[in-house]
Visitor: 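Have a look at this one before I ask anything.
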2 protein chains.
Amino acid sequence: MASNRDKSISEQIDDIKKQLVAKGYKLTQQREVTVRVLLEHEKDHFSAEEVFLLVKEQFPEIGLATVYRTLELLSDLQVVEKINFGDGAARFDLRSTDGSHHHHHLICTECGTVEEIMEDGLLRLEQQIERQYGFAVTDHRLDFQGVCKECRAKQALNEQAAG
Amino acid sequence: MASNRDKSISEQIDDIKKQLVAKGYKLTQQREVTVRVLLEHEKDHFSAEEVFLLVKEQFPEIGLATVYRTLELLSDLQVVEKINFGDGAARFDLRSTDGSHHHHHLICTECGTVEEIMEDGLLRLEQQIERQYGFAVTDHRLDFQGVCKECRAKQALNEQAAG
DNA sequence: ATCCGTGCAAAGTGTTTGCAGCGTT
DNA sequence: AACGCTGCAAACACTTTGCACGGAT
């Protein structure tokens, strides 16, 4: 069960290039830098604007539209996942090529941080859904809202001070 | 374990009115019609625009902004849940008052239909997250993407015809 | 008389698109 | 020469906001 995390960034870019070329697309400078930024920030969930700003540091002439187009292209190719946390802007997440990505999110309603947690066994539930509803599950998304450790600590302190 | 589904629409409106009044808000005509539309279409996931059009049938003078404001208000009061399926517009879903809402979604990537399925035991997982990450879960959201029964049937037919 | 809530239109935000120019084949 | 890709700006779609008016307390 080899994961992407084992590969170097340039190896991963190579992989993605192959996917692009296989479908008749080119890995232009702009696209490469965009992919690189995503690879270098695997743990974040950047908006298009955020990706744009980082790409601009390495490639100042790039336009926002190109970043949008690249992200959409990568989305279509299932290289990145487009997620919407409901904060007004779509966010983009690298997907591992082996399809085992499926991380879940802990979204803190106090400070807004989004933490990723690893996959667990939702497989049984997916199989049940397939049996029960005839629905062939290809992907899922599980987000938890709540209050993170740090904010809980702050809250506890405040209550102490107030009480 | 009494659910909202047992109550008549006017009873439910009454409940919501109480919640509004308790927080210093009024249940105006506009708000009532909006709530009524949501109650009458419990199973759908309407966008603000869709709600607006339906409300307009019963209350033609209403403005789109009022519907937005009402939906936001109801969201704040946790009467409705604002969901984003990533299709560009937020969608709104009644929440049951007993807090047992938590339905999940089956989103078909072929035809786009969204089906709701009932709650199941994610409680154990939530408890594990609390232990493991110190994250106090207050809510969650679980969406499955895949192909629904109907589209699978169509696909099967097409393959038969082609093969 | 006050104040919340409303309708309308304007502004705002994130995203997409039309188009002319560029680079690579 | 053809064609995909890009940058720019304009267009777009959804949502929020400013403001003056209206209705209820």
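Chain letters run A, B, ... following the sequence lines, proteins first, then strands; residues in each count from 1.
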Visitor: Round to the nearest Å and state the distance from A/Lys17 atom NZ to D/dC5 atom P.
Guide: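 Going from A/Lys17 (NZ) to D/dC5 (P), I get 13 Å.
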
Visitor: Does the distance from a Lys or Arg side-chain N to an Asp or Glu carboxylate O, for B/Arg141 and B/Glu81, drop under 4.0 Å?
Guide: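 No.
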
Visitor: Over how many whole Å does the gap from A/Leu27 atom CG to C/dT25 atom P extend?
Guide: 13 Å

Visitor: Hey, what else clusters with B/Ile107 if you join Ile, Leu, Val, Met, Phe, Trp, Tyr whenever side-chain heavy atoms sit under 4.5 Å?
Guide: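 Noted: B/Ile107 shares its cluster with B/Ile83, B/Phe85, B/Val114.
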
Visitor: Roughly, in whole Å, what's the span from CG in A/Asp87 to P in D/dC14?
Guide: 18 Å

Visitor: My understanding is that only residues two or more places apart in sequence, or in another chain, count here; which of them pass salt bridge (Lys or Arg N to Asp or Glu O under 4.0 Å) with B/Asp44?
Guide: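 Checked B/Asp44 against salt bridge (Lys or Arg N to Asp or Glu O under 4.0 Å); zero matches.
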
Visitor: In B/S/- notation, 5' to 3', how is nucleotides 1-7 of chain C contacted by protein heavy atoms closer than 4.0 Å?
Guide: ----SSB

Visitor: Pair A/Lys56, A/Glu49 - check salt bridge (charged side-chain N to carboxylate O under 4.0 Å, His left out), show working.
Guide: CA-CA 10 Å; A/Lys56 239 184 157 178; A/Glu49 186 91 30; over 6 Å; no

Visitor: Kindly say if A/Tyr68 contacts the phosphate of C/dT16, meaning a side-chain N or O under 4.0 Å from OP1 or OP2.
Guide: no

Visitor: Evaluate the side-chain proximity of A/Arg36 to A/Gln58: yes if any heavy-atom separation is below 4.5 Å, no if none is.
Guide: yes

Visitor: What residues, two or more places apart in sequence or in another chain, satisfy side-chain contact (heavy atoms from CB on, under 4.5 Å) together with B/Leu53?
Guide: none

Visitor: Rounded to whole Å, please give me the gap between CD in A/Glu72 and P in D/dT6.
Guide: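 Taking CD of A/Glu72 and P of D/dT6, I get 13 Å after rounding.
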
Visitor: Report the residues that fulfil side chain to side chain donor-acceptor pair (under 3.5 Å) with A/Gln132, sequence neighbours left out, ordered by chain and then residue number.
Guide: A/Gln128

Visitor: Under a 4.0 Å heavy-atom cut-off, which of residues 44-53 of chain A touch DNA chain C?
Guide: none

Visitor: Could you tell me whether B/Glu32 and B/Lys26 have a side-chain N and a carboxylate O separated by less than 4.0 Å?
Guide: no

